[in-house]
Amino acid sequence: MSDPSSNQKISVGLGERAYDIHVGAGLLARAAELLKPLLSESKSRGPVPVVTDAHVADIHLPPLLDLLGKAGIDARPIVMAPGEVTKSFAGLERLSGALLDMRIDRNGLVIALGGGVMGDLTGFAAGVLKRGVAFAQIPTTLLSQVDSSVGGKTAINARQGKNLIGLFHQPRIVIADTTLLATLPRRELLSGYAEVAKYGALGDANFFEWLEVNGAKALAGDEAAMIKAVAHSCQMKADIVARDERETGDRALLNLGHTFGHALEAATGFSDRLVHGEGVAIGMALAFRLSVKLGLCPGQDAERFTRHLKAVGLPAAIPDIAGPRPDADELIGHMAHDKKVTDGKLTFILLNGLGQAFVTRDVPLAAVKSVLTES
Ligand code: GLY
């Protein structure tokens, strides 16, 4: 276990819904100590459900249940099927049924242990169960540690698209143990790293410069570098969420690369050809290219960003996707169905340079099409 002094605590300043994000190595071993104040505050006497998926359960559930049990917490597992398919009405029905069968009370606390799917589904179930019970996030993937576990966006998917049924329901605590990342497959780790690079690109050129030097080290297992990468990303997200919780303005900056990325994921059938973070990586590179084309961003900033993605092993252009090239018109069609469309106009996050993203709804479609054709 690493030196606890390198662990970090970040506060999400949301008034009565404020909470802390704990980032550090070996934090799972401190879960009981971190959760206990919330349990005694809530005065709930019911069991504490730990919702996870079968893959995560194999690795991280036994030690967590053991240490919560030793601390006198009546933790009870609910193990869901892994994968996006569980973020569905059927998954919600199963989970809320299991929570009700457990007789979780209105003052209870539900723990989400896993990646984005578990966090989004559990947060949503907790948000609607008995009109809202508290939940805690213990994210186990890099993507969920730096993005989905923070900020209170919860959802399930609908037939019409991803994340279309959901609500804002902030967790009471986030416990991001960077040691858990050691068990992730390389591709999954890299996919999460795309979201880390996003923070540098959207608002902090110094952090991006730090990532150019230290990002590969973090990915190779340097604990201190990974803690800094996760903590800095969470701090940036916490700051944005605190000033725009419900995405009426600045929070949309967190969608850098996502309009392009979601279209690419849809065009490749949300399959193994392109996982979410890879779509975001290519999407961000396309956002830079579009910004250069529109005369907003220096070409060298776009090249520098793309160079870093490639250096760590992420895809950075459409031809990097295996299989047939997605058609530009089909991609634009997918963008038009994205929930980031308002009044029939596409919302894009563009850049005036590295670390200088902004939201715009004023992008000529012809420029979008030529970037999708040329890149
Ligand atoms: N993942 C983007 C957001 O939380 O707003």
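Because the structure is predicted, anything quoted here is derived from the model rather than measured. Counting starts at 1 for both ligands and their atoms, in listed order.
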Step through it carefully: locate the ring centre of H169, locate the ring centre of F135, and say whether they are under 6.0 Å apart. yes

When the ring centroid of H334 is compared with that of F260, is the distance short of 6.0 Å? no

For H232, what residues pass the side-chain hydrogen bond (donor to acceptor under 3.5 Å, both in side chains) criterion, not counting sequence neighbours? D204

By side-chain hydrogen bond (donor to acceptor under 3.5 Å, both in side chains) - contacts of K9 (at least two apart): none

For ligand 1, list all ligand N or O to protein N or O distances below 3.5 Å, rounded to 0.1 Å.
from     : atom 1 : to   : atom 2 : distance (Å)
ligand 1 : 1 (N)  : D147 : OD1    : 2.9
ligand 1 : 1 (N)  : D147 : OD2    : 3.2
ligand 1 : 4 (O)  : K237 : NZ     : 2.6
ligand 1 : 4 (O)  : R251 : NH2    : 2.8
ligand 1 : 5 (O)  : K153 : NZ     : 2.9
ligand 1 : 5 (O)  : R251 : NE     : 2.7
ligand 1 : 5 (O)  : R251 : NH2    : 3.3

If the plane angle is over 60° it's perpendicular, under 30° parallel, otherwise tilted; pick one for H258 and H262. perpendicular

Quick one: which residue pairs count as a salt bridge (charged side-chain N to carboxylate O under 4.0 Å, His left out) with a foot in residues 96-125, not counting sequence neighbours? K87-D120

